[in-house]
Amino acid sequence: MPESATHPGERALLCLWPQRMMFVGRLGLLPPHRHAIAVCLVALEAPLRIGTAGQSRVCRTAIVPAGLSHSLDLAGAPVAVLYSDPDDPHYRHLSPHRECGLSALDSAIEEPLIGAVRALYAAHQAGDALSLDAFEDAAERALGIAPRARIDARIEQVVATIRAAIDRNHAIGELARSVDLSASRLQHLFVEEIGVPLRTFRIWIRFRHAVELAARGDSITSAALDAGFASSSHFSHAFKATFGVTAASLFKGVPPRVRVEWIQP
């Protein structure tokens, strides 16, 4: 979740789907950070400048694998950051990239996606009602749902258990016993079926929950505790390490710095 660079009269946009999220706003320089899940970056004006320990890349779109430490510099230009929950089918298009470092979308599909996000952001700045149809069509082509069989019923049950009590620290052994698996087998099967480790999935779901609560107007402290973080300081530290900025930089301030658009299933 990046930080908006100072730009008078302009607000960032946060779109929230049941299992997806998109931030669109102006970025400055983000220090090295690691996303808990793979994300897709889309530059609307200036190219993305992404630095890692192994490479530096200038591109218009980028898929950043989960856990890859990277810095980002857009010099104040707007960018979109697209997130999908690991159990959302769209994530299957992103997760294969987790072993191969930075990559970009094919030029044939990145141009329509850039154009759709640019039009959405322009409408937002003009104060017009937002129509997400064009964006969702472009995103579907760029990050379409990869064919897959239904996930293992035991993993579905574990995911449902985590989502039903986000603030609870279920022990791995407890979750494993609930579906008649050993702890090691559960962790192995979870990665196979979902694409990320169980603990990573849980921390991402907690971040999502906290962001949604803060976007609805809850205090950052209240949102953090409700999502299961031990304290607001624990949440703030984890948030900055994951997104490169503090939650306060997004959700504090009058008038609001971020407009939130809720998309119903």
Side-chain angles (χ1 to χ4, degrees), residues 1-5 11-39 64 66-72 79-88 91 158-172 174-175 190 194 196-263:
M1 183 80 55
E3 180 178 14
S4 296
R11 285 194 299 162
L13 174 66
L14 179 64
C15 296
L16 294 166
W17 290 262
Q19 287 185 289
R20 285 183 286 150
M21 179 167 69
M22 178 174 69
F23 172 93
V24 192
R26 292 186 178 271
L27 287 182
L29 175 65
L30 273 67
H33 56 287
R34 302 171 187 267
H35 290 288
I37 61 171
V39 303
V64 183
L68 179 68
S69 179
H70 65 286
S71 60
L72 181 62
V79 65
V81 189
L82 285 68
Y83 308 84
S84 290
D85 290 357
D87 59 330
D88 178 63
Y91 191 77
V158 169
V159 166
T161 298
I162 293 171
R163 285 188 175 276
I166 291 173
D167 62 334
R168 184 176 170 188
N169 288 315
H170 298 94
I172 299 294
E174 175 190 357
L175 292 171
F190 197 95
I194 301 298
V196 298
L198 190 153
R199 294 183 190 278
T200 299
F201 175 81
R202 181 164 58 192
I203 192 69
W204 171 251
I205 295 303
R206 287 180 170 178
F207 276 132
R208 267 291 308 264
H209 185 66
V211 166
E212 291 187 7
L213 291 177
R216 291 182 186 275
D218 285 18
S219 71
I220 292 173
T221 297
S222 175
L225 295 177
D226 193 84
F229 290 92
S231 65
S232 59
S233 60
H234 173 220
F235 171 71
S236 296
H237 177 77
F239 194 97
K240 186 169 184 179
T242 300
F243 298 108
V245 296
T246 64
S249 67
L250 287 175
F251 295 111
K252 284 187 177 179
V254 178
R257 296 176 182 172
V258 180
R259 170 184 168 182
V260 180
E261 192 79 10
W262 300 92
I263 297 93

How long is the straight-line distance from [atom2] of [Y] back to [atom1] of [X], given to the nearest 0.5 Å?
X      : Y      : atom1 : atom2 : result
Arg20  : Ile263 : CZ    : CD1   : 8.0 Å
Phe207 : Trp204 : CZ    : CH2   : 8.5 Å
Leu14  : Glu261 : CG    : CD    : 10.0 Å
Leu30  : Leu72  : CG    : CG    : 5.5 Å
Thr200 : Ile194 : OG1   : CD1   : 12.0 Å
Ile203 : Ile37  : CD1   : CD1   : 12.0 Å

**Item:** Residue pairs passing the salt bridge (charged side-chain N to carboxylate O under 4.0 Å, His left out) test where at least one lies in residues 199-212, sequence neighbours excluded
**Value:**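 Every salt bridge (charged side-chain N to carboxylate O under 4.0 Å, His left out) pair that includes a residue of residues 199-212, provided the two are not neighbours, is Asp85-Arg208, Arg208-Glu212.
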Looking at [X] and [Y], what are the two nearest heavy atoms and their distance?
X      : Y      : value
Ala36  : Ala66  : O-CB, 3.5 Å
Ala80  : Met22  : CB-SD, 4.3 Å
Ala215 : Val260 : CB-CG2, 3.6 Å
Ala223 : Ala214 : CB-N, 4.1 Å
Leu225 : Asp167 : O-CB, 4.4 Å

**Message:** Classify the ring geometry of His35 against Phe243: parallel below 30°, tilted from 30° to 60°, perpendicular beyond 60°.
**Reply:**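 If you compare the ring of His35 with that of Phe243, the planes turn out perpendicular.
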Listed pairs under 3.5 Å, donor-acceptor, residues 232-240 side chains, sequence neighbours left out:
residue: Ser233; atom: OG; partner: Ser231; partner atom: OG; Å: 3.0
residue: His234; atom: ND1; partner: Ala230; partner atom: N; Å: 3.3
residue: Ser236; atom: OG; partner: Ser232; partner atom: O; Å: 2.9

**Asked** Within the distance-only criterion (no hydrogens, no angle test), does the side chain of Ser249 pair as donor or acceptor with the backbone N or O of Thr246 below 3.5 angstrom?
**Response**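 Checked: pair present.
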**Item:** Check: Ala38 main-chain N/O paired with Tyr91 side-chain donor or acceptor under 3.5 Å
**Value:**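 Looks like yes, one N/O pair under 3.5 Å.
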Excluding sequence neighbours, so at least two apart, what forms side chain to side chain contact (heavy atoms under 4.5 Å, CB included) with [X]?
X      : answer
Leu198 : Val158, Ile162, Ile172, Leu175, Leu186, Phe190
Ser71  : Pro32
Arg216 : Trp262

**Message:** Could you work out, with ring-ring contact (aromatic ring centres under 6.0 Å, His included) as the rule, every residue matching His209, not counting sequence neighbours?
**Reply:**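 His209 satisfies ring-ring contact (aromatic ring centres under 6.0 Å, His included) with no residue once adjacent residues are dropped.
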